[in-house]
Amino acid sequence: MNDATPVPARTHWLENRVPPPLVLMVVAAAMWAVTRRLAPASGPTTGRTAVAVSLGVIALGIIGFGIHAFRRARTTMSPLNIQGAVTVVSSGVFGFTRNPMYVGLTALLVAWAVHLASPWALFGPAVFALFIDRFQIQPEERALRSKFGTAYEEYRARVRRWI
């Protein structure tokens, strides 16, 4: 398929409108606010901090590998410019998940939840994943199916959306 392929119509006004890093920041701030209001962390922090930092490093690694694969393929990394994609990236971390950046961002929120040490904070990563799945990933997949057809469908059949 070529660049003249029409972009599928949005089914909701929020689709591909809010940059995922902004969603991450809003959710992270809400997690902090809820935790401070309902259940501030207490107790030893050394082990919790080590786990949170380890998860954060892994999350940043996943994001970094995704960015590297996009750059190597010379395609867009912008989740708001799906039509700028020039190829289906399926190598590297994209062989394990179709959305490594979103997996990484979700993992960052899990790391933040561990640091905050409140069960309420665990709602944050879930809310982020649900929002991104509905308003970012689903529209991206419609556009990629429209633009790349069989190549994207074959990739989609081989690799999971998340992990």
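Numbers here simply count residues along the sequence, with the first being 1. Source: prediction; values computed, not measured. All values below come from the heavy atoms of this structure, side chains included, with hydrogens, waters and symmetry mates left out.
The shortest side-chain heavy-atom distance between I67 and M101 falls under the 4.5 Å cut-off. Side-chain contact between F70 and T76 is absent, with no heavy atoms from C-beta onward closer than 4.5 Å. Counting only heavy atoms from C-beta outward, the side chains of Y102 and Q136 approach each other to under 4.5 Å. Between R158 and S90, the closest side-chain pair of non-hydrogen atoms falls below 4.5 Å. Q138 places none of its side-chain heavy atoms less than 4.5 Å from the side chain of E15.
The minimum heavy-atom distance between G124 and V27, with the atom names listed, is O-CG1, 3.3 Å. For I62 against G104, the heavy-atom pair with the smallest separation is CG2-N, 4.1 Å. Among all heavy-atom pairs drawn from P20 and P79, the shortest one is CD-CG, 3.5 Å. Residues F94 and G66 come closest through the heavy atom pair CE1-O, 3.6 Å. Residues T75 and T87 come closest through the heavy atom pair OG1-N, 4.0 Å. In terms of heavy-atom proximity, L80 sits nearest to P19 at CD1-CG, 3.9 Å.
To the nearest 0.5 angstrom, F128 atom CZ is 6.0 Å from L109 atom CG. Here CZ of R71 is found 10.0 Å from NE2 of H68. Values are rounded to the nearest 0.5 Å. Expressed to the nearest 0.5 Å, how far CZ of R161 lies from CD of E140 amounts to 10.0 Å. Remark: S91 OG to F65 CZ distance equals 12.5 Å, nearest 0.5 Å. Once rounded to the nearest 0.5 Å, the distance linking CD1 of I58 with CG of L108 reads 11.0 Å. Atom-to-atom distance recorded for N16:CG and Q83:CD is 10.0 Å, nearest 0.5 angstrom.
The six-membered or imidazole ring of Y155 lies away from that of F148, with a centre-to-centre distance of 6.0 Å or more.
Taking hydrophobic clusters as Ile, Leu, Val, Met, Phe, Trp and Tyr residues chained together by side-chain heavy-atom distances below 4.5 Å, I82 shares a cluster with L22. In the hydrophobic clustering of this structure, V114 does not group with L122; members are Ile, Leu, Val, Met, Phe, Trp, Tyr whose side-chain heavy atoms approach within less than 4.5 Å, directly or through other members. Both M31 and M25 sit in one connected hydrophobic cluster of ILVMFWY residues. Membership requires side-chain heavy atoms under 4.5 Å apart, directly or through other members. Placement of L14 and L24 within a single hydrophobic cluster is found when ILVMFWY residues are connected by side-chain heavy-atom separations under 4.5 Å, directly or transitively. Residues V23 and L105 share a hydrophobic cluster, clusters being chains of Ile/Leu/Val/Met/Phe/Trp/Tyr side chains in contact below 4.5 Å.
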- Task: Assess whether side-chain contact (heavy atoms from CB on, under 4.5 Å) is satisfied between F96 and V159, documenting all intermediate values.
- Result: CA-CA 6 Å; F96 301 101; V159 179; 5.8 Å; no

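F131 and F135 have tilted rings, their planes meeting at an angle from 30° to 60° on a 0 to 90° scale.
In this structure, R98 contributes its side chain and R156 its backbone to a donor-acceptor pair below 3.5 Å. At distances below 3.5 Å, not a single donor-acceptor pair connects side-chain atoms of T45 with backbone N or O atoms of R48. Proximity of a side-chain donor or acceptor of N81 to a complementary backbone N or O of G84 within less than 3.5 Å is detected. Judged purely by atom type and a 3.5 angstrom limit, W112 uses its side chain to pair as donor or acceptor with the backbone of A28.
When the shell of 6.0 Å around CZ of R72 is examined, it contains more than 12 heavy atoms from other residues, nucleotides or ligands. The environment of CH2 in W162 is crowded: more than 12 heavy-atom neighbours from other residues, nucleotides or ligands sit within 6.0 Å.
Residues S118 and R36 have side chains that never bring a donor and an acceptor to within less than 3.5 angstrom of each other.
No option in I63, I163, I132 other than I163 meets the side-chain contact (heavy atoms from CB on, under 4.5 Å) test with V103.
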